[in-house]
Amino acid sequence: MGSAPDELEVSLWRGGEAGRYEAYRVPLKENQTVLDLVTWIQRYLDPTLSYRFACRVGMCGSCAMTVDGRPRWTCRTLVAKILKGRRLEIGPLQNLPVIKDLAADMRPFFEKWQRAKGVFAPSQTRREAPAKIPPQSALRIAADAAIECINCGICYAACDSVRWNRDYLGPAALNRAWTLLNDARDKGNAERLRAVSGKDGCHNCHSHQSCERHCPKALNPTASIAGLKRKTLEAYLTGRIAG
Amino acid sequence: MSARTLGHRRDPLWLAALLHRLSGVALAAFLPVHFLVLGLAIGGGGRLEGFLRWSEEPLVRLAEGGLVFLFTLHLLGGLRLLWIENFPWRGGQTGIALLAALVSAAAAFFFLLILF
């Protein structure tokens, strides 16, 4: 399918796991995002197209898709910045089941947050005074470096360790575990270290750094996972977790 | 999905991991051959002498240069990973991986320079 100079050929994944790419012609406009392309197709060409978005400003993490082979947050990805030629291919996030069209099923992703003990375990009650955490303490600096995750699943989709072991907890869940491990107010670390050091835990990571390369918030889950590897080794050597 | 679904595999650090894996497999395949050759020394050195004379052929020496490249690449790649996993994070890993490849190529080059 050819396209006029002011048009773009956009191939979208249609259907479920056994779907296929279908091509659409979309007018090119200034400052157009990848999400704008998808929305235009749904509004003007095919209202049955399924995709997911909410905030449109890079906060909610719901609009991630595979764009020309790379996972991206589509609401903040300008077409002009990534376009090579006159064609774009947009599919659902990889390493996750496809619900329909561009909507991936995020349940395995969030289930792994639970498995990695990514939930805050308070050591105090609301009746006690708020904990004082010096912003310059080593623990707080380590937690701050990893805390801005928006749960978009891009790192998970870019991770070959997830592709090779579908039970691997993945970069986002382990990054979350690392922030809690460095949270002085949390009391769940013994259980958390056991959870992240199991056979599907942090030691599956091959340090490809694809998660860091693609994270739209410029976080570095590989560094967090490396931190977990050190902490779990330390816990093993001191007898706090079993081998 | 289409052939374009694996864009992250074009990134330098992914390629570094691939080369580390492939060099490891190549070295693992070489090791039994190496021991087999050493085994030729058992029961008289005649066969070993013959092999050593053959190993002076230019093509075999060139292959030895390749072996030095693979060994250095695997060693430096492994040290980089051990550093990542056992010490506080250090940025610039792409540059470090590239440096490891350049040092490996230089080591193989100087090895061949000495041989020829």
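A note on names: the letters A, B, ... follow the listed sequences, proteins ahead of strands, and every chain is numbered from 1.
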Q: Give a yes or no answer on whether the side chain of B:R80 reaches the backbone of B:I96 with a donor-acceptor pair at less than 3.5 Å.
A: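 The answer is no, because no donor-acceptor pair under 3.5 Å joins these two groups.
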Q: What part of B:R21 is in contact with chain A, defined as an atom under 4.5 angstrom from a non-hydrogen atom: side chain, backbone, both or neither?
A: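 Only the side chain of B:R21 comes within 4.5 Å of chain A.
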Q: Please flag which part of A:L233 lies under 4.5 Å from any non-hydrogen atom of chain B: side chain, backbone, both or neither.
A: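 The answer is the side chain of A:L233.
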Q: Please rank A:E212, A:R20, A:H214 by heavy-atom pairs under 4.5 Å with chain B and give me the top one.
A: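 The candidate making the most pairs under 4.5 Å is A:H214.
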Q: Report which part of A:R230 has an atom under 4.5 Å of a heavy atom belonging to chain B: side chain, backbone, both, or neither.
A: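 It is both, since atoms from each part get that close.
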Q: Counting only heavy atoms closer than 4.5 Å, note whether B:L13 contacts chain A via side chain, backbone, both or neither.
A: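 Contact with chain A: backbone and side chain both.
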Q: What pairs with A:T48 under side-chain contact (heavy atoms from CB on, under 4.5 Å), at least two apart in sequence or on another chain?
A: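 Checked A:T48 against side-chain contact (heavy atoms from CB on, under 4.5 Å); matches are A:R14, A:D46.
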Q: Step by step, work out the salt bridge (charged side-chain N to carboxylate O under 4.0 Å, His left out) result for A:D183 and A:R192.
A: CA-CA 12 Å; A:D183 191 329; A:R192 190 168 293 119; over 6 Å; no
Q: Treating A:R72 as the side-chain partner and A:T77 as the backbone partner, does any N or O pair qualify as donor plus acceptor under 3.5 Å?
A: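 Here the side-chain-to-backbone pair does not exist.
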Q: Examine the side chains of A:R87 and A:S11 and answer whether a donor and an acceptor come within less than 3.5 Å of each other.
A: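 Yes - a donor-acceptor pair under 3.5 Å links their side chains.
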